[in-house]
Protein chains: 2
Amino acid sequence: MAKRVTLAEVAAQAGVSPITVSRALRRPDTVQPDTRARIDAAVSALGYVPDPAARALATGRADVIGVLIPSATNAVFTDVLSGLYEELSETRFDVQYGITRYEPATEEKLLGVFLRQRPAGLIVAGIDQTPAARRLLERADCPVVQVMEIGPDPVDMMVGFSHHDAAAAATRHLIAQGYRCPGFLGARMDPRTQRRFAGFRAEAEAASRFEPERCETTETPSSVGVGAALLRALLARRPETDAVFCNNDDLAMGALFEAMRLGRTVPDQLGICGFNDLEMMHAAEPALTSVRTNRFEMGVEAARMIRARLEGRDPGPALVDLGARVQARRSTGGPC
Amino acid sequence: MAKRVTLAEVAAQAGVSPITVSRALRRPDTVQPDTRARIDAAVSALGYVPDPAARALATGRADVIGVLIPSATNAVFTDVLSGLYEELSETRFDVQYGITRYEPATEEKLLGVFLRQRPAGLIVAGIDQTPAARRLLERADCPVVQVMEIGPDPVDMMVGFSHHDAAAAATRHLIAQGYRCPGFLGARMDPRTQRRFAGFRAEAEAASRFEPERCETTETPSSVGVGAALLRALLARRPETDAVFCNNDDLAMGALFEAMRLGRTVPDQLGICGFNDLEMMHAAEPALTSVRTNRFEMGVEAARMIRARLEGRDPGPALVDLGARVQARRSTGGPC
DNA sequence: TCATCTAATGATAGCGCTGTCATCGTAGCC
DNA sequence: GGCTACGATGACAGCGCTATCATTAGATGA
């Protein structure tokens, strides 16, 4: 319906050749100011908007930044997206998402979908790509940023933090607060979760407080309800447990509710620590301790790095550790 | 890096002309089975993937379905997205998002961004587009679905439910449970929220139980913390309030925690009802009543309608009411 | 047997833009 | 004054695909 206005029509209106219009739009400093003025006038008079497909075909490069995340409903990832938006919304780049559903095969497939568009940049969550996916990323001739986590051997650039260390810090906090029988609650035991568990375990073992039977995990995706169920199972088997490090905040929230149901008071009869520090944690009663991670900033930083590379500026170090810190609240106030 | 394989190369390998390859891929039934077999073999031997930009340029139509939602971090919208994915992930269509941040101007701008790509379809959240945005949508020559809500005068198609009626049903439930002084908690009072408020008000007035001073609202975006603050303010001013209808589940959760802090027991001293029925509601202690909306199904249905139209099938009625129903739980068990 | 029709395939010409090189005019310099 | 250098603009071709029409071969019927 809305008739498409082409470059050529703008050029005719402005009395110049199409290529000059193209240049005026992309690198205004390369055309005479008065020419540019005429062109700008024609552009707005005709309501010209460039056709991204034509541009992509001509340049062999789309102004698209592809983002691969495991889930669109997990606040952890959507916070990163918000950061990306913040940095990218006023640029010529479009963001395009793919949801991997935590399935490596889907990630590979979506990577193919993105790659065929020759994206300007690629952002992928995590460091656990399949070998095939990794090869694709390495061959992609565009900037690539792995977000959420840091590890050895980045494909290209990396922004995140060590989940192992963050979990270890949380465990240290529990022990420092006087809890003697810490347990672990985990759902969807993917590699990232495993590394958090490893951090818990390492620290608990260092304090001689590790007990495998106090680790309750499931392959089920995480949720508040699952957190409640896990705590119930854990306490049934190991009633001596006096604190739980939960793999994420949903589980922690579920654990809190379950503790209420069981009549176990928090924090004196049970310490609870979550992971991610979603907004609800501080508002809970008692307020829940969690590990604060800088998700929004990860998005901003990843976008910034990609932009810097694309615009020929120095993107700075290829590996950025945004850290994580324990946000201590009442739920880990210590045993009675 | 990864060298691009073109249609022409596949054609050469298969010993046919490029156009035949194009046909074999798009409408396999129009080429001889053995020709098709040779082409398929060549495609996989060479690892050919079509270039979406070239296709878009040649057809004047991109295989993109644009989605405009207010927020990427609000579970309400991401659930719709999941539904879209479910229906679209095995098709040739890509989903592309725009986040409007609840700003009509941003919505207009993003609509322009999408439109210039000549998308195959467009999905927008809500029915509160600006006149300009509405005009753009009407002129877009592609299927358009408004989701999340239904109302008079759809741009094209619509899938959702009446927020007014859903809120009224929740209010009716509170009154039926015996609560006599119902209040309202609302954050980010956008038009959709206003309609929920109107539903609450209409029903409360019908029962002669409406009291403006028992309505506590803020322009601040919603969160668990805000829910707690609103309840505190409400109860300070109107201690007789014996139930709250919360505009969404975050507020309800915050209200629950605040009630705990204030020593006000739920449900006998205070009934709490949320809206959306996020997973956490059923896991809370006490479990929280909420209004269940079919967000995932909305996504599925919207995508289905668009596909039907694009594939020349009958999309069925243009306005689909997916309804909403009160999921009663312990938090509205009735006053003491 | 020959005209007529249909199914399968091909040739051609763009879609709207930009990379590359060519052209033109003018300023600057010896 | 004639030369180079350079900034501004333009001509041309082509990115990879598909719409359109043309062509071919085989099937059908009188």
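Side-chain atoms are counted along with the backbone in the values below, which use heavy atoms only and exclude waters and symmetry mates. Order of the sequence lines fixes the chain letters, A, B, ..., with proteins taken first and strands second; residue numbering starts at 1 for each chain.
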Along DNA chain C, 5' to 3', what are the outermost nucleotides having an atom less than 4.0 Å from a heavy atom of chain B? dA8(C) to dG16(C)
For Asp79(A) and Ser82(A), which I'm curious about, is there any donor-acceptor pair between the side chains at under 3.5 Å? no
Axis deviation across the helix from dT1(C)-dA30(D) to dC30(C)-dG1(D), five-pair ends, to the nearest 10°: 40°
Counterpart residues, side-chain hydrogen bond (donor to acceptor under 3.5 Å, both in side chains), relative to Thr100(B) (two or more places apart): none
N/O-N/O pairs, protein side and nucleotides 18-22 of chain D side, under 3.5 Å:
from, atom 1, to, atom 2, distance (Å)
dT18(D), OP1, Arg55(B), NH1, 3.2
dT18(D), OP2, Ser22(B), OG, 2.3
dA19(D), OP2, Arg26(B), NH1, 2.9

Considering residues at least two apart in sequence or located in another chain, which fulfil the side-chain hydrogen bond (donor to acceptor under 3.5 Å, both in side chains) criterion with Thr293(A)? Arg295(A)
Taking only residues two or more places apart in sequence or in another chain, which ones pass side-chain hydrogen bond (donor to acceptor under 3.5 Å, both in side chains) with Glu86(A)? none
Suppose we screen for side-chain hydrogen bond (donor to acceptor under 3.5 Å, both in side chains). Which residues come up paired with Gln117(A), at least two apart in sequence or across chains? Gln96(A)
Provide, to the nearest angstrom, the distance between the CZ atom belonging to Arg61(A) and the P atom belonging to dG16(D). 13 Å
Using residues 312-319 of chain B as the side-chain source, report each donor-acceptor pair under 3.5 Å to any protein atom, sequence neighbours left out, with the distance given to one decimal.
from, atom 1, to, atom 2, distance (Å)
Arg313(B), NH1, Glu311(B), OE1, 2.4
Asp314(B), OD1, Gly316(B), N, 2.9

Run the salt-bridge test on Arg304(A) and Glu301(A) with the 4.0 Å N-O cut-off and return the result as yes or no. yes
Could you check which residues of residues 32-40 of chain A get a heavy atom under 4.0 Å from DNA chain D? Sort them by number, please. Gln32(A), Thr35(A)
According to the ring-ring contact (aromatic ring centres under 6.0 Å, His included) rule, which pairs have a member within residues 53-110 of chain A, sequence neighbours left out? Tyr97(A)-Tyr97(B)
With Phe161(A), which residues qualify under ring-ring contact (aromatic ring centres under 6.0 Å, His included), at least two apart? His163(A)
Checking Leu137(A), Leu111(A), Leu68(A) against Gln129(A) for side chain to side chain contact (heavy atoms under 4.5 Å, CB included), the one that qualifies is Leu137(A)
Contacts under 3.5 angstrom, residues 23-35 of chain A side chains, donor-acceptor by atom type, not counting sequence neighbours:
from, atom 1, to, atom 2, distance (Å)
Arg26(A), NE, Ser22(A), O, 3.4
Arg26(A), NE, Ser22(A), OG, 3.2
Arg26(A), NH2, Ser22(A), OG, 2.9
Thr30(A), OG1, Arg27(A), O, 2.7

